[in-house]
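Since the structure comes first, as C-alpha cells, the remarks are kept for the end.
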Amino acid sequence: MNINILAIESSCDDTSAAILQNGTILSNVTANQTVHESYGGVVPELASRAHMAQIVPTVDLALKKGGISIDELSAIAFTRGPGLLGSLIVGVSFAKGLALRLNIPLIEVHHMHAHIHALFIGERKPSFPLLSLTVSGGHTQISVVHSPLEIEVIGKTRDDAAGEAFDKAGKLMGLPYPAGPVIDELAKAGKPVYSFPEPRVPGLDFSFSGLKTSFLQFLQREMKKDHHFIQNNLNNICASIQNRIVSILLNKLISASEQTGIKEIGIAGGVSGNSELRKTLAHIGHKREWSIYIPPIEYCTDNAAMIAMTGYFKYLEGQFTDQRVTPEPRWTQ
Ligand code: KG4
Ligand code: ZN
C-alpha cells in the first residue's frame with residue numbers, strides 16, 4: 001500500500017502544501033505573500049490573514065498536481081513551529097481539522113529539522129553523520145545529523161540570523177524585503193572592494209549584530225562625503241556585505257568539519273540559495289575533499305516538500321501527534 005503524505009507549511013509568510021508518495025515528492029505548491037514587500041519585513045497580522053485565504057486553494061492544487069485524491073492520504077504532516085503564532089495557527093488548525101475528518105494520523109514537524117530534510121529529497125542522498133549549515137531568515141545553525149531524526153545543534157547564532165543580516169543590510173540601502181535575493185543579484189555586477197570586520201565569537205556560534213552596526217556606520221560615513229554613495233556604488237556595496245556574510249558562515253563550517261572530522265556537508269534554508277555561498281562552498285569543498293549537498297532553490301526557501309520529507313521519516317518510525325497539539329512558536333530542539 002502506498003504511503004501518501006500531505007504536508008502543510010505556514011510558519012512565516014509562505015503558504016505551502018506538498019504531496020509525498022513513498023518518499024518521493026509528487027507536488028510542491030507555494031503561494032508567496034507579496035503584501036509585506038513595502039513594509040520592510042513580514043507583518044504577522046497580514047501573514048495570518050493571507051494564510052487563511054490561501055490554504056484551501058494551495059492544498060487543492062497540491063492534491064491535483066500530485067494526482068492524489070483526498071481519500072488516498074495516509075497522514076498529514078504540518079509545521080508546529082518555530083514561527084509566527086498567527087501563521088502557525090492557520091496550518092495547524094487546518095491539518096487537525098482535515099486529519100479528524102479523514103481519520104488519519106497527524107505528524108508534527110520542526111521547521112528547522114525540515115530544512116535539513118530538504119537535503120534528502122533528491123536522488124543523491126547524504127550519508128550519516130552529516131554536517132548541516134542551516135541558514136534562514138530566522139535561524140543560523142550548524143548541526144550534526146546522526147540519523148534522519150537524531151539532530152544535534154553544535155553552533156547557532158547569538159543574535160541575528162544570516163538571512164536577517166542580508167535583509168537588514170538591504171533595508172539600510174533602501175532595498176525591498178526580503179533583500180537577500182536582491183543583494184545576491186546586485187552583487188553579481190560588483191566586486192567586494194569594501195571590507196567589514198569578522199566578528200570574534202568563540203566556538204561554533206555566530207553573531208551578526210556587530211556586522212549590521214559596522215555596515216550602518218560605514219554607510220553613514222560615506223554618505224556624509226557623497227550623498228549618492230549608495231546609488232553610485234550599489235553593486236560593490238552588495239558584493240562586499242555578501243562576501244563578509246558568506247565568509248562568516250563558511251569559516252565556522254570549516255571549523256565544524258575540522259572539529260568533528262565530518263566531510264559529508266549539506267547547506268539548507270533560504271540563504272543557501274545564495275549564489276556566492278554556493279560557489280565558494282563548492283570551491284572550499286573541492287579543496288577539502290568534502291561531499292557537498294545543496295537542495296534545489298525550490299526546496300531551500302520555505303516549502304512544504306521538506307515538511308513532507310520529515311513527515312515521511314516520522315511516519316516510518318510511527319511518531320504521530322495527538323489531536324490536542326497546539327503551535328509552538330519558540331520550539332527549541
Ligand atoms: O528559509 P526561508 O525561506 O524562511 C525562513 O525560515 O526564514 O529564508 C528566508 C531568508 C530571507 O532572509 C531571505 O532574504 C534569505 O532567506 N534569502 C537569501 C537568498 N534567498 C533567500 N539570502 C541571500 N541570498 C539569496 N539568494
Ligand atoms: Zn525556513
Side-chain angles (χ1 to χ4, degrees), residues 2-37 42 46-80 83-84 86-99 101-102 104 106-123 136-137 178 181 268-270 272-273 295-315 327:
N2 284 329
I3 300 170
N4 294 322
I5 295 177
L6 164 67
I8 291 159
E9 155 63 28
S10 73
S11 64
C12 191
D13 60 339
D14 296 312
T15 318
S16 187
I19 303 290
L20 170 148
Q21 184 170 72
N22 307 327
T24 301
I25 298 297
L26 299 184
S27 64
N28 180 45
V29 177
T30 303
N32 304 114
Q33 302 179 2
T34 48
V35 63
H36 310 284
E37 271 166 18
V42 175
L46 296 179
S48 27
R49 283 167 187 257
H51 283 304
M52 280 299 285
Q54 289 166 343
I55 194 145
V56 171
T58 306
V59 169
D60 276 348
L61 192 56
L63 283 162
K64 198 167 156 216
K65 283 193 169 177
I68 295 287
S69 86
I70 205 158
D71 298 315
E72 291 174 278
L73 292 176
S74 319
I76 302 178
F78 63 95
T79 307
R80 184 179 178 197
L84 299 170
S87 292
L88 290 166
I89 283 176
V90 178
V92 174
S93 306
F94 183 90
K96 284 168 69 163
L98 189 57
R101 135 95 165 75
L102 298 172
I104 55 174
L106 275 171
I107 304 171
E108 65 182 26
V109 172
H110 191 290
H111 182 85
M112 294 309 289
H113 289 179
H115 271 302
I116 294 174
H117 290 140
L119 294 162
F120 296 85
I121 293 177
E123 296 243 310
S136 72
S272 65
I297 303 263
E298 181 191 1
Y299 303 137
C300 285
T301 49
D302 287 349
N303 67 89
M306 65 185 195
I307 307 298
M309 210 59 218
T310 312
Y312 181 61
F313 288 133
K314 289 188 138 189
Y315 186 97

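Model, not experiment: these values are computed from the prediction.
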What is the minimum heavy-atom distance between Ala305 and Ile25, and which atoms define it?
O-CD1, 3.6 Å
Looking at every non-hydrogen atom in both residues, tell me the closest pair between Ser16 and Asn28 and how far apart they are.
OG-OD1, 3.6 Å
Search all heavy atoms of Ile19 against all heavy atoms of Leu63 and return the closest pair with its distance.
CD1-CD2, 3.7 Å
Is a donor on one side and an acceptor on the other found under 3.5 Å between the side chain of Asn22 and the backbone of Ile3?
yes
Over all atoms of both residues, closest heavy-atom pair of Ala304 and Ala7:
O-CB, 3.4 Å
Locate the shortest heavy-atom distance separating Cys300 from His115; write the atom from each residue and the value.
O-CE1, 3.3 Å
So, for Val42 and Ala47, which heavy atoms are closest and what is the spacing to 0.1 Å?
CG1-CB, 4.0 Å
Between the OG1 atom in Thr310 and the CE atom in Met112, the distance rounded to the nearest 0.5 Å is 11.5 Å
Measure the OG-CG distance between Ser93 and Leu98 for me, rounded to the nearest 0.5 Å.
12.5 Å
How about Phe78 and Leu88: do any of their side-chain heavy atoms sit closer than 4.5 Å?
no
Do side-chain atoms of Asp302 reach the backbone of Asp14 as a donor and acceptor pair under 3.5 angstrom?
no
Measure the spacing between CG of Asp13 and NE2 of His51 and express it to the nearest 0.5 Å.
7.0 Å
If only atom types and distance count, is the side chain of Ser10 paired as donor or acceptor with the main-chain N or O of Thr15 below 3.5 Å?
no
Hey, could you give me the CD/CG distance between Glu72 and Leu6, rounded to the nearest 0.5 Å?
12.5 Å
Rounded at 0.5 Å granularity, tell me how far CD1 in Ile5 sits from CD1 in Ile76.
10.5 Å
Any non-hydrogen side-chain atom of Leu73 less than 4.5 Å from a side-chain atom of Ile68?
yes
Rounding to 0.5 Å, atoms CG (Asn303) and CD1 (Ile297) come to a distance of 12.0 Å
With respect to Met309, which candidate in Lys314, His113, His117 satisfies the side-chain contact (heavy atoms from CB on, under 4.5 Å) definition?
His117
Would you please indicate if the ring centroids of Phe120 and Tyr312 are separated by under 6.0 Å?
no
